[in-house]
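Below: one structure, written as structure tokens.
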Amino acid sequence: MSRYSRQLFPFCTLVLIFALWSVLAPEHFLSVRNLLNILRGASVTGIAAVGMTFVVIIAGIDLSVGAMLSLCAIVSAVSMLVFSGAGLVAIENGIYVPLNGWAIAAGTVLGVLTGGAAGFLNGELIARLKLMPFLATLGTMVVFRSASLLVNDGRPAVVSDYFWLDAGTVFGVPAAVVLFFGVLVVGGFLLQYTTFGRYVRALGSSPLTALHAGIDVTRLKVGVYTICGILVGVAALVRMSRVGAANPSSAGVGLELDVIAAVLIGGASPAGGRGTMVGTLIGVLFVALLRNGMTLLDISSYWQLMTVGLLVLAALAQDRFETLRIDPAK
């Protein structure tokens with residue numbers, strides 16, 4: 001099955017579900033406000049999914065992205081408050097504190113750097129200590145979530161002045177959406193037209209061949225997980241801008257499921273070596289449309305969670321069948 005035919009089915013399904021919600025809930029679903037909200041919400045998942053695409057292509061996985069987002073958000077928010085002169089009492093009790101430009105810039109940078117550091121840690125555990133990606137990131141998921149709760153004793157940090165990424169626009173398009181598509185284009189360019197992208201695909205297709213070809217496999221793996229962490233940090237800023245606060249108890253909960261589902265639905269193979277940013281975009285929009293339509297129809301969030309989980313299983317099964325069709329010995 002070609003790369004394009006693997007994306008054709010998800011795209012057709014995306015069109016089908018769009019048509020379905022248009023019929024079942026036309027007044028609410030097709031409103032400009034709702035469609036923009038879908039894109040805004042998809043931006044958080046989408047930015048993180050761009051990083052996850054690189055990870056999946058090298059046959060990796062990162063279960064810690066949700067907890068990582070929570071850690072990045074709370075570090076960023078608390079930093080903004082501290083640099084704006086907020087006292088400990090104000091931070092812990094969620095009292096409004098006006099943010100200054102320097103504080104916003106510093107907090108933004110620290111949030112992204114936190115994501116990069118967390119991704120780097122994942123990469124080191126997996127590439128140098130040879131831990132299984134699933135188990136390594138399962139462990140760091142708990143560590144990152146616990147760390148995010150410790151930063152402000154489990155309390156949310158309010159940053160109401162940090163709103164431009166959600167409320168701001170660029171030529172009439174929400175800034176978060178512009179940022180998402182910008183990240184997507186850069187990620188697609190890196191994957192498709194650079195030596196880095198070729199090395200990523202080579203590593204996912206055959207680690208041994210990549211090693212014999214002179215590729216620094218350890219360094220490449222660490223780099224891929226670090227990029228994923230940086231993008232999770234960016235996604236954390238978008239989410240924080242949308243809600244005006246960083247709540248370590250709820251931020252990023254379940255994000256890993258949506259991100260992994262989007263990448264797999266978009267045609268990336270968990271066995272590595274296969275995946276595109278166009279496919280990831282289709283997967284992100286599919287998951288966003290699915291959740292939005294089910295919410296409009298007042299379908300329980302429990303059923304939404306189950307549906308996304310079933311989609312992940314379906315994507316895994318389809319990839320497995322395709323692998324067996326190509327090579328029955330596997």
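Worth knowing before you read on, the calculation uses all heavy atoms, side chains too, and leaves out hydrogens, waters and symmetry mates.
- Residues F11 and V278 fail the side-chain proximity criterion, which asks for heavy atoms closer than 4.5 Å.
- T280 contributes a side-chain N or O that, together with a main-chain N or O of T276, makes up a donor-acceptor pair within less than 3.5 Å.
- Taking hydrophobic clusters as Ile, Leu, Val, Met, Phe, Trp and Tyr residues chained together by side-chain heavy-atom distances below 4.5 Å, L264 shares a cluster with F134.
- In the hydrophobic clustering of ILVMFWY residues, with side-chain heavy atoms under 4.5 Å counting as a link, L16 and L281 come out apart.
- The heavy-atom pair separating L69 from A236 by the smallest distance is O-CB, 3.5 Å.
- The nearest pair of heavy atoms linking V312 to A261 is CG2-CB, 3.5 Å.
- For the atom pair S64 OG and L71 CG, the distance stands at 10.0 Å (nearest 0.5 Å).
- Cluster membership check: M306 does not share its hydrophobic cluster with V253, using side-chain heavy-atom separations under 4.5 Å among Ile, Leu, Val, Met, Phe, Trp and Tyr.
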Practice task
Could you check F83 against L99 for side chain to side chain contact (heavy atoms under 4.5 Å, CB included), going step by step and ending with a plain yes or no?
Solution key: CA-CA 8 Å; F83 288 128; L99 304 178; over 6 Å; no
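- Between the side chains of R40 and S43, not a single donor N or O lies within less than 3.5 Å of an accepting N or O.
- With no hydrogens or angles considered, no side-chain donor-acceptor pair links D258 and T45 at under 3.5 Å.
- To the nearest 0.5 Å, atom CG of residue N292 and atom CD of residue Q304 are 9.0 Å apart.
- Shown are L285, I17, T13, L14; of these, the side-chain contact (heavy atoms from CB on, under 4.5 Å) with L290 is made only by I17.
- Closest approach of L110 to V75, counting heavy atoms only: O-CG1, 4.3 Å.
- Between L203 and I215 the shortest side-chain heavy-atom distance does not fall below 4.5 Å.
- A donor-acceptor pair under 3.5 Å links the side-chain atoms of S241 to the main chain of L165, judged by distance alone.
- W21 contributes no side-chain N or O that, together with a main-chain N or O of F29, makes up a donor-acceptor pair within less than 3.5 Å.
- In this structure, CD1 in I104 is found 8.0 Å from CZ in F163, a value given to the nearest 0.5 Å.
- Between the OG1 atom of T226 and the CD atom of E124 there is a distance of 8.0 Å, given to the nearest 0.5 Å.
- At least one side-chain heavy atom of I260 sits less than 4.5 Å from a side-chain heavy atom of L63.
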Exercise for the section: Would you sort out whether F196 and V224 count as a side chain to side chain contact (heavy atoms under 4.5 Å, CB included), showing the intermediate values? Expected result: CA-CA 10 Å; F196 172 77; V224 166; 4.0 Å; yes
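- Atom OG1 of T53 and atom CE of M277 lie 4.5 Å apart (nearest 0.5 Å).
- For the pair S76 (side chain) and C72 (backbone), a donor-acceptor distance under 3.5 Å is absent.
- The cluster map of Ile, Leu, Val, Met, Phe, Trp and Tyr, joined by side-chain heavy atoms under 4.5 Å apart, puts V243 and I74 in different clusters.
- Within the 4.5 Å cutoff, no side-chain heavy atoms of L125 are placed close to those of Y225.
- Hydrophobic clustering (side-chain heavy atoms under 4.5 Å, transitive across Ile, Leu, Val, Met, Phe, Trp, Tyr) groups I47 together with V178.
- Between I299 and T307, the closest side-chain pair of non-hydrogen atoms is not below 4.5 Å.
- Counted within 6.0 Å of CH2 on W164, heavy atoms from surrounding residues, nucleotides or ligands total more than 12; the atom is thus considered enclosed.
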Exercise for the section: Tell me, with the steps shown, if Q192 and R201 meet side chain to side chain contact (heavy atoms under 4.5 Å, CB included). Expected result: CA-CA 10 Å; Q192 195 69 23; R201 290 192 186 280; 3.8 Å; yes
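- Rounded to the nearest 0.5 angstrom, Y199 OH and T194 OG1 are separated by 10.5 Å.
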Practice task
Check step by step if side chain to side chain contact (heavy atoms under 4.5 Å, CB included) holds for F286 and L311.
Solution key: CA-CA 11 Å; F286 182 88; L311 287 172; 3.4 Å; yes
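- Side-chain contact check for S70 and R145: at least one donor-acceptor pair (N or O, by modelled atom type) lies under 3.5 Å.
- Counting only distance, with no hydrogens or angles, the side chain of N100 and the backbone of W102 share a donor-acceptor pair below 3.5 Å.
- Nearest heavy atoms, F180 versus V284: CZ-CG1, 4.2 Å.
- Here the closest heavy-atom approach between residue P270 and residue L316 is recorded as CG-CD2, 3.6 Å.
- No side-chain heavy atom of P174 sits less than 4.5 Å from a side-chain heavy atom of D166.
- Side chain of N247 to backbone of P156: no donor-acceptor contact under 3.5 angstrom is found.
- Scanning all heavy atoms of the two residues, the minimum distance from G267 to R274 falls at O-NE, 3.8 Å.
- Side-chain atoms of N34 do not come within 3.5 Å of backbone N or O of L30 as any donor-acceptor pair.
- Inter-residue side-chain proximity for L231 and F54 is flagged as unmet; no heavy-atom pair is nearer than 4.5 Å.
- Side chains of M68 and L255 form no contact here, defined as non-hydrogen atoms less than 4.5 Å apart.
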